[in-house]
Participant: 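Please see the structure below; I have some questions.
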Amino acid sequence: MAAMKPRTGDGPLEAVKEGRLIVVRVPLEGGGRLVVSVNDEEAAALHKALGGVVVSA
C-alpha cells in the first residue's frame, strides 16, 4: 500500500498544459480542489464566459 502524504494546503489556482489538455485546479472553500481538464476549444469558451462577468480592477 502506498504511503499517504499529508495534505499541507490546497494550493494555488493553477492551469497547466498536459499533452492536448489543459488541467485547471481551483481551490474550494472548506478544503480540497476542483480539478477539471479541458481542451483548447473548451478553455477558450470558459475564458469568454468568465470575461463577461469578471470586472477588471
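Numbers for residues simply follow the sequence, beginning at 1.
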Participant: I'd like to check I22 versus V16 (side-chain heavy atoms, cut-off strictly below 4.5 Å). Are they in contact?
Facilitator: no
Participant: How long is the straight-line distance from CZ of R25 back to OG of S37, given to the nearest 0.5 Å?
Facilitator: 10.0 Å
Participant: Per the salt bridge (Lys or Arg N to Asp or Glu O under 4.0 Å) rule, what does the pair list look like for residues 36-55, sequence neighbours excluded?
Facilitator: K17-D40
Participant: Report the residues that fulfil side chain to side chain donor-acceptor pair (under 3.5 Å) with E14, sequence neighbours left out, ordered by chain and then residue number.
Facilitator: R33
Participant: Would you kindly confirm whether L50 and V38 end up in one hydrophobic cluster when ILVMFWY residues are joined by side chain heavy atoms under 4.5 Å apart?
Facilitator: no
Participant: Give the minimum heavy-atom separation between P27 and P12, together with the two atoms involved.
Facilitator: CG-C, 4.0 Å
Participant: Spell out, yes or no, whether V24 and L28 are grouped together once hydrophobic residues are joined by side-chain heavy atoms under 4.5 Å, including indirect joins.
Facilitator: yes
Participant: Do N39 and L21 come close enough that some side-chain heavy atom pair is under 4.5 Å?
Facilitator: yes
Participant: Show the nearest heavy-atom pair for residues L13 and V26, with the distance to one decimal.
Facilitator: CD1-CG2, 3.6 Å
